[in-house]
Amino acid sequence: MLSSRRQRIVDLTLPIEGGMAGIPTVPFYSRYPVTVQAVTVIDEAQRAFLRAQGVDVAADAEARGVMNTVFTLNSHIGTHIDAPRHFVGEGAAVDEVPLEGLVVREAVVLDLSHKGPGAAITADDLAATGVRPAPGQIPVIKTLWTDRAWGTQELFWQQMIYLDPSVGGWIANHDVPAVAMDCFPEKAWWRVPMTPAERAINHKTWLGRGITMIQFLTNLAALGDHFTLIALPLRLRGMDGSPARVVGIAPAS
């Protein structure tokens, strides 16, 4: 473990804010939009301050001497963690995923940041990096796509870098507790033709083997090829996944 006196902590989490766009054409995301809104404020001065910062303040937010926020989220938007229950009917829920597989784990980076918009990443691409995750490590597939395109939602989804079905088995064969990425885990089915068998195939491969998925990281350029990863989902009892706060810890430069 890294010395606590010489650590550099990098936030790998996309910010949660109202209006975050999910996968296009999926009614789930439009039916349950993300909202993050102050519903009370301390006073009028704070109301003006928040609005000047671009913080969403409810039109009927009362000035009550205290600020309070209400938010609505779904479990698969922004930086999040998928538990087996997402695709395995009686699989482990997100509150049952062993934290020892997600907290203070050595992460090893497979750098595919040379891939262009819309590219597919294959098992051969992973092998060509020369990186072989050791048992117990968490492989991190780095494309820098979130850094390049998050916030420009049409570009983000329509030119998404994605993982070929061959990636699922390649990762699973390395005996890892989790896999992390900053791109989509399968073919972008909303724009790339595929067979029914290909749809969600990497989800099913990994979650079916108890490999937790950590999706849509950001800021991976700020870390090297190895770092300590901490990924914590909300403790949502019985649920399929959760937004997560994920950080990388590396020696101070």
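Only a predicted model underlies this, so the values are computations on that prediction, with no experimental measurement involved.
Using a 4.5 Å heavy-atom threshold, the side chains of I230 and I249 count as touching. Contact check for M181 versus Y162: no side-chain heavy atoms found under the 4.5 Å cut-off. Contact annotation: the side chain of L112 never approaches that of L144 to less than 4.5 Å [non-hydrogen atoms, C-beta and beyond]. The side-chain heavy atoms of L50 and V41, taken from C-beta on, include a pair separated by under 4.5 Å. At a threshold of 4.5 Å between non-hydrogen side-chain atoms, the residues P243 and L73 count as touching. Side-chain contact between M239 and S75 is absent, with no heavy atoms from C-beta onward closer than 4.5 Å. Counting heavy atoms from C-beta outward, V167 and I141 have side chains that approach closer than 4.5 Å. L102 is not listed as a side-chain neighbour of L232, based on a closest heavy-atom distance of 4.5 Å or more.
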If you apply the rule salt bridge (Lys or Arg N to Asp or Glu O under 4.0 Å), what do you find for R85 with D240, and how did you get there? CA-CA 5 Å; R85 187 160 295 181; D240 55 291; over 6 Å; no
message: For L207 and I211: C-alpha separation, side-chain torsions, deciding distance, then whether side chain to side chain contact (heavy atoms under 4.5 Å, CB included) applies.
response: CA-CA 5 Å; L207 299 178; I211 299 172; over 6 Å; no
Begin with the C-alpha distance, continue with both residues' side-chain angles, and end with the deciding distance and a verdict on salt bridge (Lys or Arg N to Asp or Glu O under 4.0 Å) for D11 and R245. CA-CA 8 Å; D11 196 342; R245 190 68 178 266; 2.7 Å; yes
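Atom CZ of F49 is surrounded by 12 or fewer heavy atoms from other residues, nucleotides or ligands within 6.0 Å. Within a 6.0 Å sphere centred on CD of E62, other residues, nucleotides and ligands contribute 12 heavy atoms or fewer. No more than 12 heavy atoms of other residues, nucleotides or ligands sit less than 6.0 Å from atom CD of E90.
Donor-acceptor pairing under 3.5 Å is lacking for the side chains of D182 and T146. Donor-acceptor pairing under 3.5 Å is lacking for the side chains of H80 and N74.
A salt bridge does not link D95 with R235: none of the charged nitrogens is closer than 4.0 Å to a carboxylate oxygen. A salt bridge does not link R51 with D56: every distance from a Lys NZ or Arg NE/NH1/NH2 to an Asp or Glu carboxylate oxygen is 4.0 Å or more. Salt-bridge check for R199 with E186: failed, with every basic side-chain N at 4.0 Å or more from each acidic carboxylate O.
Checking side-chain atoms of R105 against main-chain N and O of G136 turns up a donor-acceptor pair under 3.5 Å. At least one donor-acceptor pair under 3.5 Å links the side chain of E96 to the backbone N or O of A93.
Here the OG atom belonging to S242 is positioned 3.5 Å from the CG atom belonging to L234, to the nearest 0.5 angstrom. One distance of note links CD1 of I81 with CD1 of I214; it measures 5.0 Å at 0.5 Å rounding. Atom CG of D147 and atom NZ of K142 lie 9.5 Å apart (nearest 0.5 Å). Between T79 atom OG1 and L14 atom CG the span is 3.5 Å, to the nearest 0.5 Å. F28 contributes atom CZ, which lies 8.0 Å from atom CD1 of I77 (distance to the nearest 0.5 angstrom).
Taking every heavy atom of both residues into account, S113 and D111 meet most closely at OG-OD1, 2.6 Å. Between P193 and E198 the shortest heavy-atom distance is O-OE1, 4.5 Å. Closest non-hydrogen pair, W150 versus G78, comes out as CH2-CA, 4.3 Å. When every heavy atom of N68 is checked against every heavy atom of V66, the shortest pair comes out as ND2-CG1, 3.6 Å. Scanning both residues, P139 and P133, for their nearest heavy atoms gives CB-CG, 3.8 Å. Between D82 and T212, the closest heavy-atom pair is O-CG2, 3.4 Å.
Within the structure, the side chain to side chain donor-acceptor pair (under 3.5 Å) test picks out the following pairs touching residues 120-132 (sequence neighbours left out): K115-D125, T122-D125. The list of side chain to side chain donor-acceptor pair (under 3.5 Å) pairs with a residue in residues 22-34, not counting sequence neighbours, is empty.
Between F184 and W190, the distance separating the two ring centers is shorter than 6.0 angstrom.
For the pairing with F227, the side chain to side chain contact (heavy atoms under 4.5 Å, CB included) check across I138, V109, V247, I9 returns one residue only, V109.
Transitive grouping of hydrophobic side chains (ILVMFWY, heavy atoms separated by less than 4.5 Å) keeps V55 and V34 in distinct clusters.
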